[in-house]
Amino acid sequence: ITIRLGTASGITAGKTLVIFRGTQVGVVRDVDVTDDLQGVDLTVEMIKKTEPHLLEDVKFWVEKIDIEAGRVTGLDTLFSGSYIGMQRGSSEKPARSFVALERRPPVPANELGLHLTLHSDALYSIELGSGIYHKNVMIGSVQSHTLRDDDTISIKIFIKPQYASKVREESRFWNASGITVDGGITNLKVHIPSLASIIKGGVIMDTPEGLKASPPAVNGQVMTLYKDYSAAEYGIPLTLELLTGEGISEGSTKVMYRGMKLGHVKHIAINKNKEHTVTAQVLLDPRVKSILNSGTKFYLVKPKFSVRGIRNLETIIDGVYISFFPGEGKQPQDHFVVQAADPGSDYARHNSDGLTVQLTADSLGAISAGSPVLYKRMKVGEVTNIQLREKEDKVLITAIIMKRYGALVKKSSRFYNASGVEVTASLDDGLKIQTGSLETLIAGGVSFYTPVKGKVARNNSKFVLFEDFISAENSDQDKIVIHFKEAVGLKKGTKIKYNGIVIGKVTELKYEKKMTMVRTEAMLDKDAVNLLNSGTKFWLVRPEFSLAGTHHLDTLISGPYIAVEPGTGAPRREFTAVKDIVVSATDLKGLKIELSTNDLFSLKVGSPIYYRRVKVGEVLSFELSKTFQYVHLKAVIYHQSSSIIRENTRFWNASGVHVSGGVLSGLSVSTESLDSLLTGGISLATPDNKKMGGRVRAGHRFRLYGEAKDSWSKWSPVLTPVSKKK
């Protein structure tokens, strides 16, 4: 036969052999240059039994040492010399003249063995003929490679028949060209493949121990070629976004599920966003591929310290790790935001059918994942997740309320931050030192209450998380604007009073454009809205000293306040303050009553009378009885509050300081007001409904008790307000 070559380098007549599957089937007899001087023709003598197989698609090529792109191939010819390789064809048309290929052709598709395709992001150092190795044994070779339309690489490989059963559906292939160095100083990993693969380049195949029972691979199967050994060990890539990379280490932080390692963090990058969050690239075991859906929740597991003890103790030694709570979402997903707490924690696992609520806050304070949710100081739920909403510049807090307490959360419920210690003090409100519980002091907490009855909240209902109880209580107020010519004494929190009763507070102060007026924004109780009309007057009440006398000395301690005098006209929400208006207490209309007591305590003329810590009247005078056995006091209950007074109303001395509670349940130190602490004061309560008795007339006498009975504080009658007098 004749074989045409581009060059006869390495070919010697009478010596160069034709080799088929390691066996000599021919020898070169003559070498001659072609007529056009473009190549050479080899005259080859083949053994007789090859004659039926000399067909037109038989392939010949010269096998010799080839150094290309830093690689050496054809090492087996180093001592034997170059030879001509042969691959049989499938045609039925005989031939005697052939053109040799430049290099060894791929194994035919019908060749016994296993034909697979590997997909890869890059070709690395793999070339045609690069070996496929398993336990340092060459079990196959790379046959061809092509660049796909999506810029990935498709690599055809052939596994020899005797090794085909070693390859399973879950087997891993990875690039083995060179030495892999991974990890950091504290967890350095060096992986060295076989010497042959280092010299010649190649691919290593192995099957993880737990996946060897997977079905055998079949011809045509497409598999992944991983970048290196580390990537192949846990080969499904996904990304996790975290608020911080604290405790996370490249190459060592594990992904765990029920005590099993199912992946690890490969790389960490800082995101170029406002919060500088962190993205962790993770390689996950293919066995858990089914969890990669929109319902799965990833969370960080780290040690937690609380009054209940230490949780996740193993992380103190082994380090922080990532776990997940499998979901049943319908959409495949490979990017997740890591939650701050375990959605499969005690509350989530045992209360998965509980009520989930979403709380939006401006800041977290001391709240963290695991912080308790309280109702009347009793733990009814737990914070399970915290996320930062960049667009809204808000914090989103997820909490689970245990199923048996879910009905306590109404649409009208109000949530507030109950962390730490809350201290408030004023002459009107008194001194209050309030804590939630010892646990909220340590771990922060959320409380809620329901001011009015309403429908039960639905799952995933959204609520505002108020800064504190006072903010929550004042959330249903109306906004008004008052313009002042000067702001001396004005500040945030300055009270607005009507007839001595606080009906609102200043929330914001700022100068107008020309700096001539001060714009004061305030929140007013909804019940006071009917006071707002075009004739309403506002003015600032401050202490006054003059030759004519002194006024408003109480504001020396309590601070200035804004007084209001209602008018008539169309409703308004914006006003200009007037100059001071002096209103005498004798001008206030009300119900005049008498109180009889064994002891005057620290009461004085002007001492306040409170109902639910709201000032509703004051002491007008006092004198000893004719027999000197009692003290008789005359008092006035302001007109707008006079409907509170009934035949069975109880009055008691409210002077001094009251302490209740304990360290574990929360400590409460209070007075009726700082005013009552200084000048004395009286509190009153009226029984519920039918037990309250009828209305009383002016001059009705009541007994003034030294202290209240516990049952009085529980009275909560529904009373009809007195109509407004013009």
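Everything numeric in this text was worked out from a predicted model, so none of it was measured. In what follows, every heavy atom counts, from backbone to side chain, and hydrogens, waters and symmetry copies are set aside.
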Review point. If every non-hydrogen atom of P105 is compared with every non-hydrogen atom of Q87, which pair is closest and at what distance?
Key: CG-NE2, 3.6 Å
Practice item. State, without any angle test, whether T279 and N271 hold a side-chain donor-acceptor pair at a distance under 3.5 Å. Key: yes
Check your understanding: Going by atom types only, do S214 and E169 share a side-chain donor-acceptor pair under 3.5 Å?
Key -> no
Check your understanding: Could you go step by step and tell me if T398 and Q358 meet the side-chain hydrogen bond (donor to acceptor under 3.5 Å, both in side chains) rule?
Key -> CA-CA 5 Å; T398 302; Q358 307 284 339; 3.1 Å; yes
Point to revise | Residue pair K266, E250: steps toward the salt bridge (charged side-chain N to carboxylate O under 4.0 Å, His left out) verdict | key: CA-CA 5 Å; K266 178 69 174 175; E250 293 181 347; over 6 Å; no
Practice item. Provide the closest heavy-atom pair for M138 versus G131 in the form atom of the first, atom of the second, distance. Key: CE-CA, 3.6 Å
Check your understanding: So do the side chains of V203 and Y124 get within less than 4.5 Å of each other, counting heavy atoms only?
Key -> no
**Study point:** Side-chain heavy-atom pair I322, F298 within 4.5 angstrom cut-off
**Key:** yes
Review point. Got a second to check how far I291's CD1 is from Q333's CD, nearest 0.5 Å?
Key: 11.0 Å
Check your understanding: What closest approach, in Å, do L300 and L242 show between heavy atoms, and which atom pair accounts for it?
Key -> CD1-CD2, 4.1 Å
Revision key, fill the gap. d(F336 CZ, K297 NZ) to nearest 0.5 Å is 9.0 Å
Review point. Any donor-acceptor pair under 3.5 Å linking the side chain of T296 with the backbone of G327?
Key: yes
Review point. Is I155 close to L123 at the side-chain level, that is, under 4.5 Å between some pair of heavy atoms?
Key: yes
Review point. Do side-chain atoms of S371 reach the backbone of I367 as a donor and acceptor pair under 3.5 angstrom?
Key: no
Exercise for review: Taking the side chain as every heavy atom from C-beta outward, state whether T34 and V40 have any pair of such atoms under 4.5 Å apart.
Suggested key: no
Study note, to complete from the structure: CD1 of I3 to OG of S97, rounded to nearest 0.5 Å, is 10.0 Å
Check your understanding: Is it true that atom CZ of R88 has more than 12 heavy atoms of other residues, nucleotides or ligands lying nearer than 6.0 Å?
Key -> no
Review point. When rounded to the nearest 0.5 angstrom, what distance separates CG in L240 from CD1 in I268?
Key: 10.5 Å
Exercise for review: Report the C-alpha distance between K160 and E111 in whole Å, list the side-chain angles of each, state the deciding distance to 0.1 Å, and finish with yes or no for salt bridge (charged side-chain N to carboxylate O under 4.0 Å, His left out).
Suggested key: CA-CA 9 Å; K160 298 175 184 179; E111 184 79 10; over 6 Å; no
Exercise for review: Look at atom CG of L112 and say whether more than 12 heavy atoms of other residues, nucleotides or ligands are closer to it than 6.0 Å.
Suggested key: no
Review point. Just checking, is any N or O donor in the side chain of T117 or K156 under 3.5 Å from an acceptor N or O on the other one?
Key: yes
Review point. Given side chains that start at C-beta, do those of F173 and V167 come closer than 4.5 Å, heavy atoms only?
Key: yes
Practice item. Using a strict 4.0 Å threshold on nitrogen-to-oxygen distance, state whether R103 and E127 make a salt bridge. Key: no
Check your understanding: Of M86, M46, H53, which is the lone residue that meets side-chain contact (heavy atoms from CB on, under 4.5 Å) with F20?
Key -> M86
Check your understanding: Do the side-chain N and O atoms of T239 and E241 include a donor-acceptor pair separated by under 3.5 angstrom?
Key -> no
Check your understanding: Just by distance, do the side chain of N219 and the backbone of H115 share a donor-acceptor pair under 3.5 Å?
Key -> yes
Practice item. Start with the C-alpha gap between I132 and I159, add the side-chain angles, then the distance that decides, and say whether side chain to side chain contact (heavy atoms under 4.5 Å, CB included) holds. Key: CA-CA 8 Å; I132 311 295; I159 305 297; 3.9 Å; yes
Review point. How about T152 and D121: do any of their side-chain heavy atoms sit closer than 4.5 Å?
Key: yes
Revision key, fill the gap. In terms of heavy-atom contacts, G202 and S130 come closest through CA-CB, 4.0 Å
Point to revise | Neighbour count above 12 (heavy atom, 6.0 Å) for D150 CG | key: yes
Point to revise | From K254 atom NZ to S249 atom OG, the distance as rounded to the nearest 0.5 Å | key: 12.0 Å
Review point. Would you say N293's side chain and Q331's backbone share a donor-acceptor pair under 3.5 angstrom?
Key: no
Check your understanding: Any chance CG of N460 has more than 12 other-residue heavy atoms, nucleotides or ligands included, within less than 6.0 Å?
Key -> yes
Exercise for review: Answer yes or no: is there a donor N or O on one side and an acceptor on the other, between the side chain of D57 and the main chain of S91, under 3.5 Å?
Suggested key: yes
Point to revise | Donor-acceptor pair, side chain of T224 and main chain of Y226, under 3.5 angstrom | key: no
Point to revise | Shortest non-hydrogen contact from V320 toward I248 | key: CG1-CD1, 4.3 Å
Practice item. Find the distance between CG (L283) and CD (Q281) and round it off to the nearest 0.5 Å. Key: 8.5 Å
Review point. Under 3.5 Å, side chain of S323 to main-chain N/O of M256, donor-acceptor pair present?
Key: yes
Exercise for review: Dump the intermediate steps for salt bridge (charged side-chain N to carboxylate O under 4.0 Å, His left out) on R172 and D206, then the final yes or no.
Suggested key: CA-CA 5 Å; R172 313 283 170 76; D206 203 357; over 6 Å; no
Practice item. Evaluate whether atom NZ of K289 has more than 12 neighbouring non-hydrogen atoms of other residues, nucleotides or ligands under 6.0 angstrom away. Key: no
Practice item. Return the orientation label for the F324 and Y257 ring planes: parallel under 30°, perpendicular over 60°, tilted otherwise. Key: parallel
Point to revise | Residue pair V28, D30: steps toward the side chain to side chain contact (heavy atoms under 4.5 Å, CB included) verdict | key: CA-CA 6 Å; V28 176; D30 187 31; over 6 Å; no
Check your understanding: Please walk me through it: do V62 and Y83 pass side chain to side chain contact (heavy atoms under 4.5 Å, CB included)?
Key -> CA-CA 6 Å; V62 177; Y83 63 84; over 6 Å; no
Practice item. Taking the side chain as every heavy atom from C-beta outward, state whether V27 and V18 have any pair of such atoms under 4.5 Å apart. Key: no
Point to revise | R104 side-chain N/O to L101 backbone N/O, donor-acceptor pair under 3.5 Å | key: no
Review point. Among T12, D41, L42, T43, which one satisfies side-chain contact (heavy atoms from CB on, under 4.5 Å) with V31?
Key: L42
**Study point:** Sub-4.5 Å side-chain heavy-atom contact between T7 and L5
**Key:** no
Point to revise | Atom of A122, atom of S120 and distance for their closest heavy-atom approach | key: O-OG, 2.5 Å
Review point. Any sub-3.5 Å donor-acceptor pair from E92's side-chain atoms to L55's backbone N or O?
Key: no
